[in-house]
Amino acid sequence: MASPFLRHINKESELNQLLDTKPVVVIDFHATTIAPVYSQLADEFKTVTFTKVDVDKLQPVAKKYNVSAMPTFVVIKDKKVVGELKGADPRGLRALVVKHAPKPSESSEASGSGESGPAPSDVSLLEYLDLTQVNCLNENPEHTLKSIIESRLRNSGPAYLESDADEQLLLTIPFNQVVRIRSIVIHTKDAQQGPKDIKLDINKPALGFDDIEDAKEPAVVQEITVPEDFVAEGKHIHLRFVRLQRVNSLHIFVSSNHGGLDETRIDAIDVYGQPVATPSLAGLKKTEDD
């Protein structure tokens with residue numbers, strides 16, 4: 001069974017967006033014989049982004065990376081090719097991934113600092129979004145939350161979210177399964193427009209400004225003053241993981257921006273953590289029978 005962490009690339013622009021937003025990307029210019037091994041690696045190394053490119057559909061990409069045989073695996077780190085393997089060699093492929101996967105020291109959690117990336121076991125949870133339920137109060141109709149997350153990748157394009165009547169925003173980010181959240185990333189190109197004071201809450205079916213504007217901890221999950229360089233550089237904001245263990249929807253209330261301006265802007269947002277495994281119906285039936 002194919003891993004849910006594998007991404008099939010259908011356009012060169014999709015690959016370019018991944019290379020802009022993911023630190024390590026492994027590309028399988030693929031053949032079917034090694035597919036199960038590749039899928040297992042995608043399940044195991046969640047700090048690495050695994051993709052598949054059909055060389056018949058994307059010949060310019062294959063040419064760009066000098067693909068002359070299938071399968072060919074290319075490892076790209078910070079947009080530079082750092083490794084390559086030609087042929088269906090399971091041991092060689094594993095060794096290639098192990099060599100270039102981020103080490104714990106490169107991606108360990110540094111609570112409150114935001115200097116490091118996600119924890120080693122964490123993945124971007126944008127791929128688990130329920131886009132049909134995404135909502136943002138006081139968004140400019142021409143610059144919406146959905147426009148920056150609908151690709152389920154961290155936005156690197158021209159779209160952005162902007163507030164409308166004043167500087168406040170109330171984002172509701174729902175997921176299609178239960179998740180654990182450890183950190184978030186909020187990036188604004190003009191840091192003066194970037195969020196400063198925010199509040200987080202979870203799992204509220206209907207949440208309005210009146211419900212959260214004056215709320216304090218522990219009525220809300222967390223109150224945070226986000227440093228200006230965090231929004232300017234898109235650094236990880238580490239959260240109170242213990243309070244974010246079973247999240248169906250994340251609510252982010254932005255009450256102010258760094259410049260005291262009338263419009264708050266967010267160019268990209270990302271959420272990091274882990275999907276929560278749920279027992280299969282077959283497993284539940286077996287337990288009941290026992």
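- Between the side chain of Tyr65 and the backbone N or O of Phe73 there is no donor-acceptor pair closer than 3.5 Å.
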side-chain hydrogen bond (donor to acceptor under 3.5 Å, both in side chains), that's the test. Do Gln192 and Glu228 meet it? Break it down for me.
CA-CA 8 Å; Gln192 288 290 291; Glu228 187 172 339; 3.2 Å; yes

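- Every residue meeting the salt bridge (Lys or Arg N to Asp or Glu O under 4.0 Å) condition with Arg94, not counting sequence neighbours, appears here in chain and number order: Glu44.
- Atom CD of residue Gln222 and atom CD1 of residue Ile181 lie 11.5 Å apart, to the nearest 0.5 angstrom.
- Ring planes of Tyr160 and His143: parallel class, angle under 30° (limits at 30 and 60°).
- Remark: Asn155 pairs with no residue by the side chain to side chain donor-acceptor pair (under 3.5 Å) rule, at least two apart or across chains.
- The shortest heavy-atom contact between Asn257 and Leu261 is OD1-N, 2.8 Å.
- Under the 3.5 Å distance criterion, the side-chain polar atoms of Thr188 are left unmatched by any main-chain donor or acceptor of Ala191.
- Under the 4.5 Å side-chain criterion, counting only non-hydrogen atoms from C-beta, Leu126 is not in contact with Leu153.
- By the side-chain contact (heavy atoms from CB on, under 4.5 Å) test, Glu12 is found to be paired with Asn16, Pro60, Val61, Lys64, residues two or more places apart in sequence or in another chain being considered.
- The shortest heavy-atom contact between His236 and Ser183 is ND1-OG, 3.0 Å.
- By the side-chain contact (heavy atoms from CB on, under 4.5 Å) test, Ser68 is found to be paired with Lys86, residues two or more places apart in sequence or in another chain being considered.
- A salt bridge links Glu217 with Arg240: the closest approach of a Lys/Arg side-chain nitrogen to an acidic carboxylate oxygen falls below 4.0 angstrom.
- Listed by first and then second residue, the salt bridge (Lys or Arg N to Asp or Glu O under 4.0 Å) pairs involving residues 259-277 are Arg154-Asp270, Arg265-Asp267 (not counting sequence neighbours).
- For the pair Thr264 (side chain) and Glu162 (backbone), a donor-acceptor distance under 3.5 Å is absent.
- For the atom pair Ile269 CD1 and Leu250 CG, the distance stands at 7.5 Å (nearest 0.5 Å).
- Distance check: Lys196 NZ to Glu167 CD gives 11.5 Å after rounding to the nearest 0.5 Å.
- To the nearest 0.5 Å, atoms CG (Asn248) and CD (Gln177) are separated by 10.0 Å.
- Side-chain N or O atoms of Lys199 include one that pairs as donor or acceptor with a backbone N or O of Ala215 at under 3.5 Å.
- Not a single donor-acceptor pair under 3.5 Å links the side chain of Gln59 to the backbone N or O of Val55.
- Residues passing the salt bridge (Lys or Arg N to Asp or Glu O under 4.0 Å) test with Glu150, sequence neighbours excluded: none.
- Cation-pi geometry between Arg182 and Tyr272 is not satisfied (NZ or CZ under 6.0 Å from the ring centre, within 45° of the ring normal).
- For Ser13, the side-chain contact (heavy atoms from CB on, under 4.5 Å) partners two or more places apart in sequence, or in a different chain, are Lys11.
- Residues forming a side-chain contact (heavy atoms from CB on, under 4.5 Å) with His251 (at least two apart in sequence, or on another chain): Thr172, Asp201, Lys204, Leu207, Ser249.
- Phe175 pairs by the ring-ring contact (aromatic ring centres under 6.0 Å, His included) definition with nothing, not counting sequence neighbours.
- Partners of Arg152 by salt bridge (Lys or Arg N to Asp or Glu O under 4.0 Å), not counting sequence neighbours: none found.
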Can you list, pair by pair, the side-chain donor-acceptor contacts under 3.5 Å of residues 129-136, counting residues two or more places apart and other chains?
{"from": "Asp130", "atom 1": "OD1", "to": "Thr132", "atom 2": "N", "distance (Å)": "3.3"}
{"from": "Asp130", "atom 1": "OD1", "to": "Thr132", "atom 2": "OG1", "distance (Å)": "2.6"}

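- Applying the salt bridge (Lys or Arg N to Asp or Glu O under 4.0 Å) test to Asp164 and every residue at least two apart in sequence or in another chain returns nothing.
- The CG atom of Leu244 sits 7.0 Å away from the CG atom of Leu200 when rounded to the nearest 0.5 Å.
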